[in-house]
Amino acid sequence: MRSLDEFATAKLGELERSSLRRALVDTTRVTAIWLLRNGRRLLSFCCNDYLNLTHHPAVKEAAIEALRVHGVGAGASRFVTGNHPLFSELEARLARLKETEAACVFGSGYLANLGIIPALIGPDDLVLIDELAHACLWAGARLARAAVVPFRHADVEHVELLLAQLRRRHRHALIATDGVFSMDGDIAPLHGLAALAQRHDAWLMSDDAHGLGVVGGGRGSNFLGGTKADVPLQMGTLSKALGSYGGYVCASAAVVDLIRNRARTVIYSTGLPPAIVAAAIAALDVIEREPAYAALPLAKAKAFARGAGLPEPVSPIVPVLLGEAEAALKASRLLEDHGFLVVAIRPPTVPAGTARLRLTFTVIEAQ
Ligand SMILES: *Cc1c(COP(=O)(O)O)cnc(C)c1O
């Protein structure tokens with residue numbers, strides 16, 4: 001056996017023994033909640049397609065029309081010939097929804113964070129990051145080669161302490177957090193963080209992958225709580241509630257222009273397919289036109305939590321903590337035997353000892 005294969009086999013064995021091995025299972029999604037797996041119809045609580053926009057007639061029609069007219073791929077990086085006019089339209093629409101001057105679209109949410117943070121932050125700088133922030137915020141911060149210091153989850157006082165201790169040693173400072181936390185479903189204290197950022201001249205960045213289309217009347221987590229939180233870097237994805245694919249950042253015109261000029265994941269990667277961009281625009285139409293629609297997944301999550309005796313959720317993501325990875329896997333298998341697909345979330349996606357079932361709720365009713 002080659003040493004490469006020996007290495008892979010040994011590593012897989014380690015993962016298997018600690019219940020951390022992952023396997024892909026062929027699954028056909030029929031709607032946001034029904035899917036087919038191993039010949040069985042399962043009711044899914046694991047899709048991020050909160051508004052069922054992947055199957056919305058107007059969204060599909062927009063994609064089909066763009067595909068017919070413009071073909072499949074973008075053909076090149078946006079800086080070469082891949083900057084289809086649909087990109088400008090999507091960016092203007094995102095900026096309007098988020099009330100910023102400008103926006104920049106990326107190949108995915110993950111690629112957005114890998115591009116944005118190193119475009120703004122360097123080795124002399126400080127990144128304070130929520131300990132439960134999404135893997136791609138961490139990856140972007142590490143890629144920037146800054147001093148990366150985690151703060152206790154959603155703990156504004158801890159951020160204040162760290163800023164008081166560390167801020168003056170660094171040229172620039174970034175505070176990075178999920179808006180809606182992807183594995184816990186809670187919401188960042190954006191107003192408190194914004195006030196601190198202002199006081200200490202730090203730049204606040206929120207990753208609202210699970211906020212857009214879902215909370216704050218569909219406009220995201222910084223629109224919650226009466227007054228809009230001042231978040232100069234609002235990043236998110238087109239791949240979840242929007243039902244399409246891609247990532248974005250909304251910010252001032254100067255910041256977006258700089259990100260476009262420096263983000264390697266924009267410059268050195270092919271633009272999104274035009275049909276995907278057209279679908280995202282059509283999805284924004286639905287969200288802007290029907291803000292009440294965006295409130296439905298959370299209402300369902302609340303009803304479920306009430307029935308199950310769980311704390312009231314603030315987003316359509318409801319975690320049920322079980323502790324060890326094995327317990328979460330067992331619970332997930334048991335539910336699947338009964339026709340419910342509820343994913344077991346294990347380390348390293350969540351901290352050791354906090355393996356859980358994670359349920360997400362969508363607009364459509366099970367029938
Ligand atoms: C899903 C997710 C991403 C990644 O977005 P993609 O478009 O799927 O690459 C980034 N951040 C958070 C918080 C997420 O939940």
Side-chain angles (χ1 to χ4, degrees), residues 77-80 91 95 98 100-153 155-156 158-179 188 190 193-209 222 229-237 246-271:
S77 159
R78 293 179 64 192
F79 281 101
V80 183
E91 288 173 342
K98 288 294 198 172
T100 60
E101 288 173 358
C104 178
V105 167
F106 293 77
S108 74
Y110 201 109
L111 288 172
N113 279 338
L114 292 192
I116 297 161
I117 302 177
L120 301 172
I121 289 288
D124 296 335
D125 301 330
L126 172 69
V127 178
L128 297 180
I129 181 166
D130 189 290
E131 61 184 344
L132 298 186
H134 192 267
C136 61
L137 271 177
W138 283 92
R142 291 203 177 108
L143 203 57
R145 288 181 292 156
V148 180
V149 180
F151 60 86
R152 282 193 297 270
H153 176 52
D155 187 338
V156 177
H158 193 206
V159 178
E160 181 154 38
L161 195 75
L162 291 170
L163 283 170
Q165 280 172 354
L166 304 173
R167 175 68 187 93
R168 78 177 74 84
R169 292 188 217 158
H170 298 275
R171 193 179 46 149
H172 303 304
L174 181 80
I175 302 171
T177 180
D178 289 19
L190 290 175
L193 292 175
L196 273 186
Q198 193 164 34
R199 209 169 324 130
H200 293 266
D201 184 27
W203 306 333
L204 179 58
M205 173 173 180
S206 68
D207 174 340
D208 218 17
N222 64 314
D230 179 17
V231 184
L233 291 160
Q234 301 175 49
M235 170 272 162
T237 180
Y248 67 85
V249 64
C250 291
S252 70
V255 168
V256 165
D257 203 6
L258 180 65
I259 288 171
R260 282 201 187 115
N261 272 275
R262 297 194 64 191
R264 299 173 70 85
T265 53
V266 174
I267 300 169
Y268 298 110
S269 188
T270 302

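Only this structure's heavy atoms are used, side chains among them; waters, hydrogens and symmetry mates stay out.
A144 approaches P118 most closely through the heavy-atom pair CB-CA, 3.8 Å. Taking every heavy atom of both residues into account, A139 and L114 meet most closely at CB-CD2, 3.6 Å. For D178 against A188, the heavy-atom pair with the smallest separation is O-CB, 3.2 Å. Here the closest heavy-atom approach between residue A176 and residue F151 is recorded as O-CE2, 4.1 Å. Of all heavy-atom pairs between A141 and V127, the closest is CB-CG1, 3.9 Å. Residues F106 and I116 share a closest heavy-atom pair of CZ-CG1, 3.7 Å.
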Given L193 and V231, is the side chain to side chain contact (heavy atoms under 4.5 Å, CB included) satisfied, shown in steps?
CA-CA 9 Å; L193 292 175; V231 184; over 6 Å; no
Just do the side chain to side chain contact (heavy atoms under 4.5 Å, CB included) check on N113 and M205 with the steps written out, would you?
CA-CA 10 Å; N113 279 338; M205 173 173 180; 3.1 Å; yes
Between D230 and Q198, is the side-chain hydrogen bond (donor to acceptor under 3.5 Å, both in side chains) condition met? List the steps.
CA-CA 9 Å; D230 179 17; Q198 193 164 34; 4.9 Å; no
List the steps, then state whether side chain to side chain contact (heavy atoms under 4.5 Å, CB included) holds for L128 with H158.
CA-CA 10 Å; L128 297 180; H158 193 206; over 6 Å; no
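Between the side chain of T237 and the main chain of A209, no donor-acceptor pair closer than 3.5 Å is present. Under a 3.5 Å cut-off, the side chain of S206 and the backbone N or O of D208 do not form any donor-acceptor pair.
Here the CZ-CG distance, from R167 to L196, works out to 12.5 Å after rounding to the nearest 0.5 Å. Atom CD1 of I129 is separated from atom NE2 of H134 by 11.0 Å, given to the nearest 0.5 angstrom. For the atom pair SG of C250 and CE of M235, the computed distance is 10.5 Å after rounding to the nearest 0.5 Å.
Within a 6.0 Å radius of CD in E131, other residues, nucleotides and ligands contribute more than 12 heavy atoms.
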Listing, residues 257-264 side-chain donor-acceptor contacts under 3.5 Å, not counting sequence neighbours, or none:
residue, atom, partner, partner atom, Å
D257, OD1, N261, ND2, 3.3
R260, NH2, E91, OE1, 2.8
R260, NH2, A103, O, 2.8
N261, ND2, D257, O, 2.8
R262, NH1, A119, O, 3.3

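Contact check for D130 versus L137: no side-chain heavy atoms found under the 4.5 Å cut-off. Taking 4.5 Å as the limit, every side-chain heavy atom of I175 sits out of range of all side-chain heavy atoms of W203. Within the 4.5 Å cutoff, side-chain heavy atoms of V255 are placed close to those of L233.
The side-chain contact (heavy atoms from CB on, under 4.5 Å) test with L126 is passed by exactly one of R169, R168, H170, H172: H170.
The salt bridge (charged side-chain N to carboxylate O under 4.0 Å, His left out) search around R171 returns D125, not counting sequence neighbours.
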